[in-house]
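Order of the sequence lines fixes the chain letters, A, B, ..., with proteins taken first and strands second; residue numbering starts at 1 for each chain. Since this is a predicted model, take the numbers as computed values, not measurements.
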Amino acid sequence: MSGRRFTLAIAVLVGGGLMPVAAHGGRAEFQFLQIRPDATSQKVKFGPTPNAPQQPPTTTVATGTTLHARCDESSPVRTPLRAGEVVEIEAIVEGWVHVRLPASGEQGCVRRRALEAIPADVIEQVRRRPDAPRVRSDPSPAPAPAGAPAPGGRAVRIAVFGYGGVLNLAATQSFDAILGESSGPVVGGGGQVAILKGPLRNVFFQVDASQFEETGERVFVSGGEVFKLGIPQTLTLRPLEFTAGYRYEVVRRGADGRPHAAPFVPYAGGGVGIVQFEEHSDFAVTGEDVDERFTSYHVLGGLDVPVWGGLGVGVEAHYRWVPDGLGTGGVSREFNETNLGGATFRVKVGFGF
Amino acid sequence: MTTPRRTSVHASRSRLRVRLVLTAGLVGALVAGIGQPATGAAQRHKIGNVELPGIDLGLDRRAVPDAIGGKRPTSARAIRTRDWLPGRVLVKYRSKPDFEILAIDEHENAESTAARFAQRDDVEYAQADYVAHPHFRPNDPLFDQQWNLTAIDMERAWDINSGAASSLIVAVLDTGVAYSTTVYEYIARGVIVGSRRYPPLGRVAVPFAAAPDLSGPNRFVAPRDFIWDDDAPVDLDGHGTHVAGTVGQLTNNGVGVAGMAFNVRIMPVKVLDGDWDFIFDSPNVGTTSVVASAIRYAADNGAKVINMSLGFPPSASIPAVEDALRYAVGRGVFVAISAGNDFEDGNPAEPLAEVAARVDGVMSVGAVGRDLNRAYYSSQRASVEIAAPGGDMRTAGASGGILQQTYDPLIGVSDPLSQPVSEYGPPRFDTFRYVPYQGTSMAAPHVAGFAALLMQQGITSPAAIEAAIRRFATDRGAAGRDEDFGFGLINPRDTLRGLGLSR
């Protein structure tokens, strides 16, 4: 790695959504630059500024071009730039220049060839700026410390996600009697809208649906002993859940005194839902199978970890209550278990837009 | 050949005598106060085997067709767990002469999808492609007369469990069973009953035949006769044969009637002596010691269910029998016991039923008639734990009895000492007829057969079988347990189906 600079671009999954993050590596050490997920125009402050604020160097757009979200031709286009438009130079990276639009505060990348020639002293000035990154191949907007207002850019971020995990059911004895175990795989997916600006900044709203389906046997229970009857019985849970929550954008000061965002974003939330519960078995006649819906309540919490581009992963713990979903018949009455909910541990994969 | 000891009459039986718990046809056949104490061991001699030509004795195992309509889905699991085929719905458009089968996603709920189709104006109807389930109805020609089986929904119960399996042994502790085709020689002594003097018949060759609708290869196991102290518990009465038929009459064999657990093997254990056993001077009579020994014998020789359609005098204390019952239960044997027929005779306590009520895994069974009300004779006591069809021919005539194959009553084999002396003669036990009986004796084997089905289904503990039978019983009479029906009328179908998670 000696003498070679590299860049690691990652994105943070936010409750299933993603936020772009830039990370920088140095020669002997990695220097991570945590970027806010909202891709707005907040700058990262790399520690105390020793002198009075400097005026950033500027240049002019030479030919009509576009402002990209990142220094990458494939990255989203944020706005067109007209010839003659003045931009502030934030950083210069190979064929790209990271700029800021004075009028709107919007940041992004422009092809260096689309700008007027940048004098050498300006290049030097950019390099000498205390907050200038050494290398910046991914000049996505950096996040401000949590709580700071987002002065420009999008107001919300939309993400989709899918997940798989293990559902550990609260009605342990009842499910164990039928299925031989009280847990099983669950898969699901959903979408999320995260607020990036205003008083609800960092709040997210989410809807997701999942399914748990396992086949066991009908049984008889006597004196706590379970007798399996060899009649297939399939249990299906299909929750549809609505969640509101808060993401904790963690920014910490590193050894160099500069703020660093953590490489993960914890979040927590809760909400309500509807659980469709089905029981199907052989030899059932009309009215003997079950297809019912119950109101559910849940809380969740997890960590989102950026991976690359808009892609991210996360882990989540989730607990659902479905009061009185069980207990009126079947083995659940024998065991006096009424909660159809349980705890789920999920691994998520998502993509943010 | 040994000379029979008993050739005279007027003897009094002073030992505790087991009573047959049967009203019609049999009650009164046992005459107390006659006969003399034995002075030596009586014997019978097997003198030949007789084949019954033209009778198929083969066990006919019911094959339940997997009657699935339409093409099998790719997912075997789906077909096992839903009532309809996934991936398709039937839609009848108004403009088309017949329905069409439309492919849908296999993961969609076909019923919901069909419901959405049905809302369209151009659709006459839409439905999921439901899977047909077999409703087993035996082809036994007299099954239509077996109201007792349809009343407890046995057709659907057999859909779940088709008559248990030959690995299960049900012991019938009774007057014996017509399980063998042979001829025995007895010496018949003279008997005086009241003013009637039945003359000694001397040596008689008595033909026996296996009940054709009950017998088959390997059908009977470990036969034991505690009345004659040998391994040939032939039935000299007909009661045990009738009871055994209700437990496991061959079914769906195109012959006669059906039985509850028609694939089980029967263990004939003779513990009751009938009139002919008395006339032939059997060395033993049915006593507590005989019954207790027989219970242990059955438990030690592989029986998993015992039927005891018998009782003891109300004043009897029977700890030896209770011990034997607890021993059997401890070895995993469920026992069904008739609750007693003496409601109109003062409704006395039935000692065996009292024991049953306090031993989990032993159930006392009351009787209902065709109207599913308590039969007029059935004991009305707290010891009654469950009810099953036992017949009530007072309210419904002969059709209200329990129809099973046993000896032809027209030849008077089961009631020789109630016949006129002029018609008295050597018996033969090789002629059968389908005869309606009534009694809690007839109710108990319904429960015994039912228990065999439950064991085959997976409930292996006698106490759990009793709990299951109680749990799913159809409540009758007063809400909850009562003295007429106990916990209610047996419900084999629901019991075999057991419990799901929430229903």
*Is there a donor-acceptor pair under 3.5 Å between the side chain of A:S174 and the backbone N or O of B:L501?*
no
*A:E288/B:R493 salt bridge by N-O under 4.0 Å criterion*: yes
*Sidechain-backbone polar pair: A:R333 side chain, B:R503 backbone, donor-acceptor under 3.5 Å*: no
*asked:* Pairing donors with acceptors under 3.5 angstrom, does anything connect the side chains of B:R497 and A:S281?
replied: yes
*Below 4.5 Å from any heavy atom of chain A, which atoms of B:L454 appear? Answer side chain, backbone, both or neither.*
neither
_Heavy-atom count check: over 12 atoms from other residues, nucleotides or ligands less than 6.0 Å from B:I104 CD1?_
yes
*Heavy-atom proximity to chain B below 4.5 Å, by part of A:E292*: side chain
*Do the side-chain N and O atoms of A:E225 and B:S461 include a donor-acceptor pair separated by under 3.5 angstrom?*
no
_Is there a side-chain contact between B:E111 and A:D291 in this structure, where contact means two heavy atoms from C-beta onward sitting under 4.5 Å apart?_
no
*Heavy-atom pair with the smallest gap, counting every atom of B:L499 and A:V331*: CB-CG1, 3.8 Å
*Contacting moiety of A:F335, where chain B heavy atoms sit under 4.5 Å*: neither
*Between B:A463 and A:S222, what is the shortest heavy-atom contact and its length?*
O-OG, 4.4 Å
_Among the listed options A:L179, A:L326, A:L229, A:V290, the residue most often paired with chain B at heavy-atom distances under 4.5 Å_ = A:L229
*Got a second to check how far B:T460's OG1 is from A:K228's NZ, nearest 0.5 Å?*
13.0 Å
*So do the side chains of A:E334 and B:R471 get within less than 4.5 Å of each other, counting heavy atoms only?*
yes
_Residue among A:L340, A:V221, A:V219 with most heavy-atom pairs under 4.5 Å to chain B_ = A:V219
*Flag the pair A:F220 / B:Q457 as yes when at least one side-chain heavy-atom distance between them is below 4.5 Å, and no otherwise.*
no
*If only atom types and distance count, is the side chain of A:E279 paired as donor or acceptor with the main-chain N or O of B:S502 below 3.5 Å?*
yes
*Where do B:D159 and A:F283 come nearest, in terms of heavy atoms and distance?*
O-CE2, 3.2 Å
*asked:* Just checking B:D475: does its CG atom have more than 12 heavy atoms from other residues, nucleotides or ligands closer to it than 6.0 angstrom?
replied: yes
*Where does A:S332 contact chain B at under 4.5 Å (heavy atoms): side chain, backbone, both or neither?*
both
*Segment of B:D494 engaging chain A (4.5 angstrom heavy-atom cut-off)*: side chain
